Amino acid sequence: MADTETLQIKNVHKTFRVGKQDIDVLEDINLNVSAGEFVSVIGASGCGKTTFLRLLVGLEGEYQGDILLNGKRLNGPSINRGIVFQNHRLLPWLTIEKNVGLGLESKKGNNKAQIVQDHIDLVGLKGFCKSYPYQLSGGMSQRAAIARALVNRPEILLLDEPLGALDSLTRMYMQNELERIWKLENITAVMVTHDVEEAVYLSDRIVIMSCRPGKIKRIIPVPLSRPRDRASYDFMRIKEEVLKEFHLQAEEHFAYSI
Amino acid sequence: MRRQIMESAGIQRLFAAVTTLLPAQPAAEAISTSFKLQTPSISRVAIPQVVKTALLGGLIPLLLLVAWEAVTRIELVPSQLLVPPRQVLATFLDLLNSGELQGHLKISILRVLLGFSLGTSAGFLVGAILGLSKRAEKYGGPFFRVLLQIPILGWMPFLLLILGFGELFKIVFISLGAFYPMTLNTFEGIKGVSNEYREVGRVFEFGRLKLLRKIILPAAVPSIFTGIRLGLGTAWMLIVGAELVAATEGVGYMMTMGRQLFQMDVVMVGVVLVGATGYLMNHILKIAEQRLLHWRNTMHA
Amino acid sequence: MNYLDYVSRKISDVYSKSIVLLIIFAAWWLVGAYKLADPTILPPPSKILRTLLELAKEGDLVFHIKMSILRVIKGFLIGGTLGFVLGILMGLSKTAEKLVGPLFHAVRQVPLLGWMPLIVLWCGIGETSKVVFIAIGALYPMVLNTFEGVRGISREYLEVARVFEFKQLKLITTIILPAALPNILTGVRFSLTISWMLVVGAEIFSVSAGGLGDMIWSARDTFRMDIVIVGLIIITLIGITLSKSVKLLETYFLQWRKTSH
Ligand SMILES: Nc1ncnc2c1ncn2[C@@H]1O[C@H](COP(=O)(O)OP(=O)(O)O)[C@@H](O)[C@H]1O
Ligand SMILES: [Mg+2]
């Protein structure tokens, strides 16, 4: 069992020091993620989702507890984990091609250009290699950011509300794209989102977080076959279940489900 | 506020790891707890931050002073070119006791204040007219734009030819120095008043005067103040320049005489004196600005 | 679309832009023509033009321009480079900032012209003193703007560098320099503008052979207002050209900034 679990998060606590006070942001986080799994983290804004991802990628140095990748404790950022930030963070002074190749340059290899091109094709940005970020739409920028995160073939892809800034139609389309890429790359993914439908559509498991301090409230598995039908009964049922955790379920629904 | 702190903490964290140019970062910043710094934690407790900053900042000046003293002791360079620090101090005290220093300083400051008030007032008027009236900007703008491109020091021979070497030249020259930045900043300040504020005035049907008094001028005041400070700075620089060539008293004259008589000590006292005076004048204006513009802090936070 | 409209708007634009200048020019010309003012104090436009041509023909003008520009280039390169390095160092390292910052800000309080007597004492009245003087003036804006640029870099970009495990050199070349470039170029522009003003001052305050400052200063000795005015015009034109060229550089190098902000 433990062998297939790429990522193990054990009793993780995280506090921020603001002024003279320690503020608990994450408390008692326990989670195992298996290789190739797609896990979503969902929770209200400000409950520490971003902090959680930053811990996984290694941008937050000090924490209590253990985060193990293949049994080894994480120590700072590494290119075996890729991240797509909340806003794309493409470097505005570099072309898309250069942005995507950003992480690759530390490796030696003469097929660098080919790798970059492959990933640009993968996210469907063929023909935009020489464009600058200001010339891309929001959806395209996120695609480029995903390509940039994947280019080192990381074991884990971390996504922080990658589609949060997009309009709902583009978002649905990008969800399909994300699923396609995830399958093709056969990668372990941890995605933060605040969109319940997105979580149900994409995830194998949904981690629901409660606020202040951020704790794991419940983990809901999504045992649906892919591609998923957003209108199916099972899909709706799981969506309801997630929403229930946020007390957002419609009142009258109680009435006829009694 | 916190955001800024966080950002600088982020940079600092990064460079703590990256910068090997200089000794490791002092880890005393409480914010950078989230990144492992290799600095031993002893330094965190031992010396308070303020003291450390003062020590670091004073290090190079102290070394320079020691080097200066050493060089003059072993007479590495001719004493004409570098007098010992003691002598500069002694000269300063001499000049102070004889009242010579105060005399020169007083004259220079009087000239600057006179020229500065003239130039600033003129600059305010021109800037305000160009900023308020579309027509004035349309017709007069190009002229002033060209005028303000003329390097100020270039005016010197021009004005000297017209006005001679007297007091008038210095006053006009200095006012020109204050006029430049004041005109520009008043104009830009007024032009930069957001249309949203103007519309507030229009909603309440303010008359022209009320709009000016209640909305446009207050909103332009920060920029105008910048103009005032820059103007005073420029004026102070120019008076030194004007006195270098055309005066028989004033700090600039004192320095020129020092140079001609190879009195290095007098020149050095002069350099420090003009620096300190300039700093003080700017500082006084800054305090006044803070008092007057206390609302700005909350607005931009 | 509406071509006539466009033409008439253009014409009225040119008219309003030049009318005041034209009136001043006409008044100046009339004063000269009717001998209303002492021609040594206010030489008529025709005289200015003749002097300009004369100076140009004899090669004096080119010589003076060359002298001044050479000095500016030397001073700017020395001061600007030093300022760039200092600004980067102070921006990158808090320790460097604490070490050099206070001294830098103290020295900066001395009005530039206040350095002149000291520089002349140390370096004589030759080329060196002028270049040093210009270098000091070029230094300040470069340090301040570069420092601002480096310190202002968003934490977000620096984190991207950490995620990809950039080495120091790569961090500087791919993130820090490009991100600080807008401020650095502003620094270059201010630096050059100040250098150009100071070369005139340097040539006035420390007796020199050649240079536009020297040209107008000597003209004052011989009561040649016409030469002074020609000099002022040339100095102004070159100053505008310098700052416009850097602006062009800015638009060229900062295309990526377009609507991304
Ligand atoms: N560097 C930091 N210093 C202090 N507090 C922080 C820092 N980063 C995040 N926080 C705080 O931690 C909490 C969780 O933030 P975050 O992880 O960004 O939430 P989310 O992504 O779920 O919206 C917030 O209250 C935020 O203010
Ligand atoms: Mg977040």
Side-chain angles (χ1 to χ4, degrees), chain B residues 6-8 10-12 14-15 18-23 25-26 52-53 56-61 81 138-140 142-143 146 149-158 160-162 233 236-238 240-241 244-245 252 255-256 258-259 262 264 267-268 270-272 274-276 278-279 282, chain C residues 16-21 24 40-42 89 92-96 98-103 106-107 109-118 120-122 151 153-155 158-159 161-162 168 171 196-198 200-201 204-205 212-213 216-217 219-220 223 225 228-229 231-232 235-236 239-240:
Chain B
M6 275 157 53
E7 262 171 27
S8 69
I11 295 177
Q12 205 191 323
L14 182 64
F15 291 116
V18 156
T19 313
T20 49
L21 297 157
L22 289 154
Q25 296 287 321
K52 228 195 257 178
T53 306
L56 269 179
L59 189 62
I60 293 184
L81 285 188
K138 195 169 157 196
Y139 290 104
F143 170 71
V146 171
Q149 292 287 345
I150 302 173
I152 296 182
L153 291 179
W155 283 111
M156 230 160 79
F158 183 87
L160 277 172
L161 268 182
I162 295 181
W236 185 243
M237 180 177 94
L238 293 187
V240 176
L244 287 181
V245 295
M255 290 166 81
T256 316
R259 176 178 76 85
F262 276 96
M264 178 55 89
V267 174
M268 284 186 146
V271 167
V272 176
V274 290
Y279 172 77
N282 190 40
Chain C
S16 63
K17 271 194 178 144
S18 47
I19 184 69
V20 171
L21 289 173
I24 291 174
T40 55
I41 294 292
L42 192 64
L89 282 185
L92 288 183
S93 149
K94 282 252 155 112
T95 316
K98 285 180 187 154
L99 210 56
V100 195
L103 180 65
V107 168
Q109 301 304 324
V110 179
L112 286 167
L113 292 178
W115 288 114
M116 208 62 212
L118 197 63
V120 170
L121 266 185
W122 273 336
R151 274 298 155 86
I153 297 174
S154 154
R155 184 173 72 133
L158 298 176
E159 280 179 357
R162 276 178 66 198
Q168 192 170 345
L171 172 74
W196 184 245
M197 182 181 92
L198 290 186
V200 177
I204 288 176
F205 291 112
L212 289 166
I216 57 177
W217 194 244
R220 186 203 52 85
F223 289 98
M225 188 56 131
V228 172
I229 292 177
L232 272 181
I235 290 168
T236 308
I240 294 175

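Note that this is a predicted model, so its numbers are computed, not measured. Proteins come first, then strands; the chains are lettered A, B, ... in the order of their sequence lines, and each starts at number 1. As a basis for the values below, the full set of heavy atoms in this structure was taken, side chains included, without hydrogen atoms, waters or symmetry mates.
- Of the two parts of C:L212, neither the backbone nor the side chain holds a non-hydrogen atom closer than 4.5 Å to a non-hydrogen atom of chain B.
- Interface remark: of the candidates C:I204, C:L121, C:L21, C:I235, C:L121 forms the most heavy-atom pairs closer than 4.5 Å to chain B.
- Of all heavy-atom pairs spanning B:M237 and C:L113, the tightest one is O-CD1, 3.5 Å.
- Residue with the most contacts toward chain C among B:P61, B:G241, B:G140: B:G241 (heavy-atom pairs, distance under 4.5 Å).
- The side-chain heavy atoms of B:F158 and C:M225, taken from C-beta on, include a pair separated by under 4.5 Å.
- Residues B:M264 and C:L118 have side chains in contact (heavy-atom distance under 4.5 Å, counting atoms from C-beta outward).
- Residue C:I216 touches chain B through both its backbone and its side chain, counting heavy-atom pairs closer than 4.5 Å.
- Note on B:M156, B:M268, B:R259: by heavy-atom pairs under 4.5 Å with chain C, the leading option is B:R259.
- Contact record, C:G114 with B:V271: O-CG2, 3.7 Å, taken as the closest heavy-atom pair.
- Heavy-atom pairs under 4.5 Å with chain B were tallied for C:I19, C:I240, C:V200; the largest tally goes to C:I240.
- With rounding to the nearest 0.5 angstrom, the CG atom of B:L161 is 7.0 Å from the CZ atom of C:R220.
- Most heavy-atom pairs under 4.5 Å with chain C, from the set B:I60, B:I162, B:V240: that is B:I60.
- Here the shortest heavy-atom pairing between C:L232 and B:G154 reads CD2-O, 3.4 Å.
- B:P151 approaches C:T236 most closely through the heavy-atom pair CD-OG1, 3.9 Å.
- Interatomic distance, NZ of C:K98 versus CG of B:L59, reported as 13.5 Å (0.5 Å rounding).
- For C:W217, the side-chain hydrogen bond (donor to acceptor under 3.5 Å, both in side chains) test picks out no residue, with sequence neighbours left out.
- The local environment of CZ in B:F143 is crowded, with over 12 non-hydrogen atoms from other residues, nucleotides or ligands closer than 6.0 Å.
- For C:V107, the side chain to side chain contact (heavy atoms under 4.5 Å, CB included) test picks out C:L103, C:W115, C:Y140, with sequence neighbours left out.
- The side-chain heavy atoms of C:V20 and B:P142, taken from C-beta on, include no pair separated by under 4.5 Å.
- In this structure, the separation between OH on B:Y139 and OG on C:S18 is 10.0 Å, given to the nearest 0.5 Å.
- Using a 4.5 Å cut-off between heavy atoms, C:L42 makes no contact with chain B at all.
- With a threshold of 4.5 angstrom between heavy atoms, C:P102 approaches chain B through side-chain atoms but not through N, CA, C or O.
- Per-residue counts of heavy-atom pairs under 4.5 Å with chain B were compared for C:I41, C:V120, C:L112, C:V100; the largest is that of C:V120.
- The shortest distance between side-chain heavy atoms of B:V274 and C:V110 falls below 4.5 Å.
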